[in-house]
Amino acid sequence: MNEAPTKPAVIRMYAAREEIYPREAKGRYASLRWACVWITQLVFYGLPWMNWNGRQAVLFDLGARKFYIFGMVLWPQDFIYLAALLIVAAYLLFLVTAIAGRVWCGFACPQTVYTEIFMWIERKIEGARSARIRLDRQPWTADKLARKTAKHVAWGAVALFTGFSFVAYFAPVRSLLSNIGAFALGPWEWFWIFFYAFATYGNAGWLREQVCKYMCPYARFQSAMFDKDTLIVTYDQERGEPRGALSPKNAAQAAKEKGDCIDCNMCVQVCPTGIDIRKGLQYECIGCAACVDACNGVMDKIDLPRGLIRYSTDNAMDNKWSARRIGQRILRTRVMIYTALLVLIVAGFGTALALRTPLKLDVIRDRGSMGREVGDGLIENVYRLQIMNTAEAGHTFRIKVSGIDSVRLATPEEAVLDGASTRAVPVRVQVERGAAAKGSNQIEFELTATDDPSLTVREKAVFIVPK
């Protein structure tokens, strides 16, 4: 008798996403999270509209290759400052992570901030958690269609304004706004507005926790910066277990037999990534402390001490340390190394900016004429001075040349440059015959602002005497 063929086993390499409906959390950390939302978004949306000396305060003008940051004008040659800034940001992230875990992710990361904004819109239009669940499970009706449409329109409006604000850092915001009204934007401006808007809409509206769990690399290597004294969101298992539902009839007896956790699942319902913190630290946890607020609220209602879920450390939980003892462990070797490196880099960065001369000079020889004899027994070389005035104010600069006896300029000794501008100034340098050796001779150009003698720059060059 032939046996019926068995179906091959299907191994799924990717589990289908289960929709998460986070409940709104209220408490100290929720207020702090919303404070971060307001601060970051007021800065992001507001900076392009700020004026500084008659121009946009922060503008990265890629076309003109000028980067305006309040009173400072940077050029492509100043890329080293951007590199230093990124290094400072990286070390600051390492330091904060070593002390307080993924607190950046939970409170100030753009993904968290925009997800919080989009979820607020969702709650206002579709209702609280239970109402959203019912709405998604019911068949399509006019009310459901209207609510869903209104939500996505609101999401789209926020996303488009975010895309517009992003592009406003690279194009003057007022001309950008007028060009949008006249449909006169260039193709790249349209592309980046819609691209950034689509990214905001997709990440904050649809992907949400998937960005934190699968796309963000920070969750994967955070453990390398954690140790047993790093503050993390922790469930006090010794106090909470064995958990069990609250029974009002014999609450006193239940309190003796069970832990403080009443298994209400509020900590799970408020979690934006849908994890159960009672199972221990998981890489999906972004440290937002929504579960701390939810659990503290439950503890208040049943007259039990707060802190069943709290910020703590592995060592503090194992050794039952007080908050003071936890604070004393902050200054440990890892943290002190990160702090020392950060202080050194910031000090070097600040010193470099403070000593930065807003004047640059490049000397380029005329390759068509290595050196030539002119009338009255003079040897002449031709140069082009590439002068860059990186200050906002214009200056008149006096040009001097030295290094050889009798060396002088045969062209005007002054050049006028507007603020944040560059100019090529052709100059002819002459030396009396016999005053310099044949071949290459070292000379030096000096450029000084007539109204500010401290604004001076020097650059060496070579003077050629024909053999």
Where Glu126 and Arg147 come nearest, the two heavy atoms and their spacing:
CA-NH1, 4.1 Å
Indicate whether the side chain of Trp104 and that of Tyr218 have a donor and an acceptor atom separated by less than 3.5 Å.
no
For the OH atom on Tyr45, are there more than 12 heavy atoms of other groups (residues, nucleotides or ligands in this structure) within a distance under 6.0 Å?
yes
Sequence neighbours excluded, every pair satisfying salt bridge (Lys or Arg N to Asp or Glu O under 4.0 Å) that has a member inside residues 49-72
Arg55-Glu392
Can you see whether Arg174 engages Asn179 through a side-chain donor-acceptor pair at a distance of less than 3.5 angstrom?
no
Any side-chain heavy-atom pair from Trp155 and Glu122 closer than 4.5 angstrom?
yes
Contacts of type side chain to side chain donor-acceptor pair (under 3.5 Å), residue Arg28, not counting sequence neighbours:
none
Applying side chain to side chain donor-acceptor pair (under 3.5 Å) to Glu241 and Tyr235, what does each step give before you reach the verdict?
CA-CA 10 Å; Glu241 301 296 327; Tyr235 169 66; 2.7 Å; yes
Look at the aromatic rings of Phe164 and Phe161 and report parallel, tilted or perpendicular, splitting at 30° and 60°.
parallel
Under the criterion side chain to side chain contact (heavy atoms under 4.5 Å, CB included), which of Thr448, Val425, Val416, Leu455 is the partner of Phe397?
Leu455
Is the Phe166 to Phe44 ring centre distance short of 6.0 Å?
no
Please confirm whether Phe194 and Phe198 have ring centers closer than 6.0 angstrom.
no
Hey, are His395 and Asp452 close enough side-chain-wise for a donor-acceptor pair under 3.5 Å?
no
Can you label the angle between the Trp190 ring and the Phe183 ring as parallel, tilted or perpendicular, going by 30° and 60°?
parallel
Assess, by modelled atom type and distance only, whether the side chains of Tyr21 and Asp136 contain a donor and an acceptor separated by less than 3.5 Å.
yes
When you check the side-chain N and O atoms of Thr339 and Tyr91, is any donor under 3.5 Å from an acceptor?
no
Look at the aromatic rings of Tyr338 and Phe94 and report parallel, tilted or perpendicular, splitting at 30° and 60°.
tilted
